[in-house]
Amino acid sequence: MSTLVIVESPTKARTIRNFLPSTYRVEASMGHVRDLPSSAEEIPEAVKGEKWAQLGVNVEADFEPLYVIPKDKKKIVKELKDALKEATELILATDEDREGESISWHLLQILKPKVPIKRMVFHEITREAIRDALTHCRDIDNRVVQAQETRRILDRLVGYTLSPLLWKKIAWGLSAGRVQSVAVRLLVRRERERRAFRQGSYWDLKATLTPPNPPGKGLGEFDAKLVTVANVKVANGSDFDENTGQIIVGRRVLLLNEEQARALLERIQNKPWTVTNIEERPVTRKPSPPFTTSTLQQEANRKLRLGARETMRIAQSLYERGFITYMRTDSVHLSEQAIVAARNCVQELYGSEYLSPQPRKYATKSKGAQEAHEAIRPAGSTFRTPQQTGLDGVDFRLYDLIWKRTVASQMADSRQTHVTVLTLVEDAGFRSSGKRIDFPGFLRAYVEGSDDPDAALEDQEVILPPLKVGDKPNCKELEAVGHETQPPARFTEASLVKTLESEGVGRPSTYASIIGTIVDRGYAKLVTNALIPTFTAFAVTTLLETHFPDLVDTGFTSRMEQTLDEIATGEAKWLPYLDKFYRGETGLQTQVKEQESQIDAKVARTVVLENISAKVCIGKYGAYLEAEREEGQVKASIPQDLTPADLDPEQVEFLLKQKTEGPEKLGLHPETGEPIFVLIGSYGPYVQLGEVSETNKKPKRGSLPKGTDKDSVTMEMAVALLTLPRLLGTHPDTGAKVQANLGMYGPYVVHDQGKVGKDYRSIKPPDDVLTIALDRALELLSQPKTARGRSKSATPLKELGAHPESGELINVYDGRYGPYVKHGDINASLAKDESVENFTLQKALDLLAAKEAAGGGKSSSKSKKSTKTAAAKSETATEKTAAKKTTAKKTATAAKKTTTKKAGTATATKKETKSS
């Protein structure tokens, strides 16, 4: 008999297994094993006739939730129950936050153990931490569970009550969420500010000066910028009103235009310069606290260009493999052990002068910061340097970021001197600014926004030459410079996370999934790290602002978050709060009933944009323009990649004109004599050969390469695009054709072997889809294929050696369901108790041979995607993936049929934002 330990993931299970005695059996629940129904199909027959069943919450019975075990978790639950039969003790070791506490509680409800139960928590997976946690087990915290359950019910009530309203009034498939809708409103509000922005222009002068003795070529050069004329401040960008593009009323500044700036330049050219004032100001900078979930997401986005979702995925992997502490935390606190470890790193790597005189202890200001007890830091009582971890790629870079931030938090202050030099030439005053780093302190290890601290230190310093008042510097160059004011910057993932946290909206642990939902569901597009709201986002936000203002108000949502925190600490009661929120006089249910009849669907589907005469409407297939013309009402589709930010009066006229007068003719094809047109369709601009007619219903078309403006298309380019796909020749090994073409993800070459399959490779600059030749295409096709979205192929956990027959390398990889070996198309999972370190080439060959004999190649897996496959007992990652896809596909189909027969709110689950 043994002790059964349950955690969430196989990776976490493998790591913990190494630190526990052999009598302990560690199994994974694969996340939540129970939840509210995700589709009508999951609702039990016994309650399907109840009105509240589609909501998944019985609001008439004290908001009792209807929990079900999803199909894809039933096998896991059975395995856990079987494992429990052989155990004399159960330890629930899920994560220490609300979500983890909730998973443990649900496991307890499902498994109904008759053996002693313990709740084990830890914030890092090291031998010392696990052994310590074993001696300090506790009971499940029911208050935390209740707070998490209240959040889940609240999210369901908001999502399932508002989403169907959006379906009726705007478009099918839209969703609303407690935090999601507030985040979308922030994006829309910023975009409105950008559209309302009016640009202002101003001019000033810039000089390059050298010290008086000696001038020296390039020696001691420094810049000076015009700041005053006749003691009056010269206008800069901060003096403009964003809504008018004019100087703010009441500002006493001198606004220079180009003519005035050049006249001033001529007047002071070759006149003597004099230093009138020098000011040196000492500045001390303290290091930032160690990372919380929010600050890690922000800095990883700024430094590593990682999205919030990707950051959390990598951080979770690092945590589960024992490299960092728990990654969902609002706390900046460091344990005494961590402080000692960080200070030892500073002492060893930088010297005692770089240590802060006293250990730095950081206090968390957020009231709700109780999801974990410590900041995100390297795991253990001693910190491995990034180079000692054996990590690579983004794993290495994120660990490196966490390590540097943690170590820097115990380093000495940075001491700097800011220098300002004022010079005068005639009545024109110039200012030069410099910065000298007297002692780098913590900046030697960590500079925010930079990957290379040493290089960043050099970039941060602006050294001015030695000067004194009365000196006569030489003017080497003087130029007039024009400037234009810029609209408010769009939100990036980093700045949105920062704003949500500062406003107290949601919890940082949910921001990654919320941003992912906003992008996945078409409320925003992520373009060069900026989140740009779509027309749908504008329509939904306007409806919610008009009829449900509280639900998209940051203050209201923040107060809601505080109440949920108070429920977790026992300061507030969950049932009265839910009842008031949903069923009260001004509750959500009441508001929806009152407002539904007052919402005009035509108005709700219309987006009003400043400076656009036509109406923008949301239709079944996306946004379109609607305008009144002499010939009557005209409608024209808006390309899917066009956002409200890009739509201007010229584009509106082009799209409407294209609809009424036909497409713009570029010229005649040199061979066929047919006209070639340039058009804009739902998926962007394209060229077309000939007109649509009864005899030519589908004329030849070719999309423009991404980033190509329709106005830059030449006849030569159009003719070339219409030749796509280009036949480059035949493959020397197979005799099959090799082609070049443009697709959804850009240009590519393809080796088309018919029934055998197609092999694709992307075409990257400087190669061009219109000019690439067969030799280069074959070279690309010979290169290893990488998965989309990854910079390189997966790094093996262990290299075993070459296969005796094929000569191909056999490696052990880390998969979703645990470690596996791979040879060609065959993947075979290692046994649960098999150690990667002790796994040999011969064991791999035996495992692969057994899998191949059972028909375990990729081709056979594909042919077995059915309900039977989903129920099969194979433990391999490949077959589990196939089963999961099959189940998902069948569930989606069943849900769709149910919705068709009976319009119900239950399908809204697909659209609902997960726990916020």
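Any value given below was found using the heavy atoms of this structure, including those in side chains, with hydrogens, waters and symmetry copies removed. What you see is a predicted model, and the numbers here were worked out from it, not measured in a lab.
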Full working for side-chain contact (heavy atoms from CB on, under 4.5 Å) between Trp574 and Leu564: CA-CA 8 Å; Trp574 68 275; Leu564 290 168; over 6 Å; no
If you apply the rule side-chain contact (heavy atoms from CB on, under 4.5 Å), what do you find for Trp52 with Val47, and how did you get there? CA-CA 9 Å; Trp52 58 265; Val47 295; 4.1 Å; yes
Does the pair Met312 and Thr293 meet the rule for a side-chain contact (heavy atoms from CB on, under 4.5 Å), with working shown? CA-CA 8 Å; Met312 295 309 292; Thr293 301; 3.9 Å; yes
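At a threshold of 4.0 Å, the pair Arg629-Glu653 counts as salt-bridged, since one of the basic side-chain nitrogens sits closer than that to a carboxylate oxygen. Ion pair Glu149/Arg152 not flagged as a salt bridge, since none of the NZ, NE, NH1 or NH2 atoms sits closer than 4.0 Å to an Asp/Glu carboxylate oxygen. The pair Glu99-Arg328 does not count as a salt bridge, with every side-chain nitrogen at least 4.0 angstrom from each carboxylate oxygen. Glu561 and Arg178 are joined by a salt bridge, as a carboxylate oxygen and a charged side-chain nitrogen come within less than 4.0 angstrom of each other. Ion pairing between Glu503 and Arg185 fails under the 4.0 Å rule for side-chain N and carboxylate O. Residues Arg605 and Asp600 are not paired through a salt bridge, judged by the lack of any N-O separation under 4.0 Å between the basic side chain and the carboxylate. Checked for salt-bridge contact, Glu191 and Lys525 miss the test: no charged N lies under 4.0 Å from a carboxylate O.
Within 6.0 Å of NZ on Lys498 lie no more than 12 heavy atoms contributed by other residues, nucleotides or ligands.
Nearest heavy-atom pair, Ala604 versus Ile170, reported as atom, atom and distance to 0.1 Å: O-CG1, 3.9 Å. The heavy-atom pair separating Glu691 from Gln688 by the smallest distance is CA-NE2, 4.1 Å.
In this structure, the side chains of Ser102 and Arg98 stay at 4.5 Å or more apart for every pair of heavy atoms.
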Side-chain donor-acceptor distances from residues 581-593 under 3.5 Å, at least two apart:
from   : atom 1 : to     : atom 2 : distance (Å)
Tyr582 : OH     : Thr161 : OG1    : 3.4
Arg583 : NE     : Asp579 : OD1    : 2.8
Arg583 : NH1    : Glu60  : OE1    : 3.1
Arg583 : NH2    : Asp579 : OD1    : 2.9
Thr590 : OG1    : Gly584 : O      : 3.0
Gln591 : NE2    : Thr586 : O      : 2.8

